[in-house]
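Worksheet: one structure, shown below.
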Amino acid sequence: MLVLTRKLNEQIMIGDNIQITVLSVGEEKVQIGITAPRSVPVHRREVYEEILRENMMASRSAIPSLDALCGLGLAPAPSAPRRGRVLEAPGRRPESKKRHAQS
Amino acid sequence: MSKNTVRLATPRFGEIAYSRDDVYTFPNGLVGLRDLRHFVMLDIDEAGIFHCLQCVDNPAFAFVLVDPLLLRPDYKVKVDEGTIALLELDDLGDAVAFATVVVPENTAEMTANLRGPVIINTKTRIGTQIVLPQSEYGVRVSISGTLLEAEQDQEEELHA
C-alpha cells in the first residue's frame with residue numbers, strides 16, 4: 001500500500017481526475033472530500049460490501065414460484081401506491097460533483 | 001421476426017426473446033458488479049408484485065425486484081446531481097425505484113434491500129444502483145412480514 005502523509009486541506013490526485021482532499025482531522029475521525037467522475041462510484045467500504053453481498057445473494061436467488069407467492073398470501077393491497085414517485089431532489093445544487101465521506 | 005429480436009439462453013427462464021429496444025443500460029453496472037450493464041425486465045408473477053432484472057451480458061445473473069412502496073408506502077430516495085446526470089433524468093417523476101430481493105429456500109424468509117435501490121429512468125431506459133448514505137432503510141427487510149403487517153393495518157382501518 002502506498003502511504004502518503006498529508007496536512008489539512010492538502011490533496012492527492014489519483015489518475016487525472018480523482019481528487020482527494022483532507023477536509024478536517026479530529027481525534028478519531030478524518031473528513032475526506034472526494035471529487036471523481038460519475039463513472040467512478042464512491043461508497044463507504046462497509047456499506048459497499050454489505051450491498052455487494054446482498055447483490056450476490058440476490059443474483060443467486062431462485063425465482064419465486066407463483067405457488068410459493070400464493071402460499072404467502074402476497075397480493076398487492078388495492079390501495080397500495082404502485083410505482084409512485086420516490087425520488088427527491090438533492091437539497092442544494094453543488095458547484096461541482098463533490099462527495100464527502102467520513103472514515 | 002424483427003431483426004431487432006434477440007434470443008438468449010438463460011439458466012432460469014430457458015430461452016427468452018427480447019427486442020433490443022427493451023434493453024435497459026446500466027453504465028456503471030450494479031454495486032460490485034460493474035460488468036453487468038445490460039438488462040431486460042421480465043414479469044414473473046401474474047399479480048405483478050415481482051419483476052426480474054435479467055442480465056443479458058451474463059445470463060447467469062438475474063435479480064428479483066419488488067416495488068419498495070409495497071413494503072414502505074412512504075419510501076423516499078434522495079438522489080444526487082451525479083445520479084440525475086447519469087440517468088439523463090429531466091423529470092424526477094420519470095424514475096422508478098426497485099428493491100432487489102433475496103429468495104432463500106424458505107420463501108417466507110424473503111428479504112428486500114431498501115438501502116441499495118435500483119433506479120431506472122423509464123424514458124431513457126438508463127439505470128443504476130445507488131447506496132443510500134446513513135439510511136433508515138435496511139438491506140434485509142423481511143417481505144412477508146412487512147406485507148402482512150400492511151394488510152393487518154388495512155383491515156384495522158376497515159374495521160375502525
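Letters go in sequence order (proteins before strands), and every chain restarts at 1.
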Can you tell me which portion of A:Glu54 sits under 4.5 Å from chain B's heavy atoms? Options are side chain, backbone, both or neither.
both

A:Arg38 side chain reached by B:Asn28 side chain, heavy atoms, under 4.5 Å:
no

Chain A contact via B:Leu89 - side chain, backbone, both or neither, heavy atoms under 4.5 Å
side chain

Please determine whether side-chain contact (heavy atoms from CB on, under 4.5 Å) holds for the pair B:Arg115 and A:Val47, giving the CA-CA distance in whole Å, both sets of side-chain angles, and the decisive distance to 0.1 Å.
CA-CA 9 Å; B:Arg115 178 104 192 247; A:Val47 181; 3.8 Å; yes

Does any backbone or side-chain atom of B:Asn106 lie under 4.5 Å from a heavy atom of chain A? Answer side chain, backbone, both or neither.
neither

Checking heavy atoms, do the side chain of B:Leu36, its backbone, both or neither come under 4.5 Å from chain A?
neither

Hey, is CG on A:Asn17 packed in by over 12 heavy atoms from elsewhere, all under 6.0 Å?
yes

Out of B:Thr100, B:Leu30, B:Asp74, B:Val139, which one racks up the most heavy-atom pairs below 4.5 Å with chain A?
B:Val139

So, for A:Pro41 and B:Arg34, which heavy atoms are closest and what is the spacing to 0.1 Å?
CD-NH1, 3.4 Å

Heavy atoms of A:Val86 and B:Ala97 approach each other most closely as CG2-CB, 3.4 Å

With a sphere of 6.0 Å drawn around CG of B:Asp21, does it hold more than 12 non-hydrogen atoms of other residues, nucleotides or ligands?
yes

Nearest heavy atoms of A:Tyr48 and B:Val31, plus distance in Å:
CD1-CG1, 3.6 Å

Keeping the roles fixed (side chain from A:Asn55, backbone from B:Phe63), state whether a donor-acceptor pair exists under 3.5 Å.
no

I'd like to know which of B:Ala85, B:Cys52, B:Pro27, B:Pro68 tops the heavy-atom pair count under 4.5 Å against chain A.
B:Ala85

Establish whether B:Phe39 and A:Met57 are linked, either directly or via other cluster members, by ILVMFWY side-chain heavy-atom contacts under 4.5 Å.
no

Minimal heavy-atom distance between A:Ile51 and B:Asn113, with the atoms involved, is CD1-ND2, 3.7 Å

For a quick test of reading the model, state the closest non-hydrogen atom pair linking B:Gly32 to A:Leu52 and the distance between them.
CA-CD1, 3.6 Å

Ignoring hydrogens, what is the shortest heavy-atom contact between B:Arg12 and A:Ser59? Give both atom names and the distance.
NH2-O, 2.5 Å

Under 4.5 Å between any side-chain heavy atoms of A:Leu87 and B:Thr83, yes or no?
no

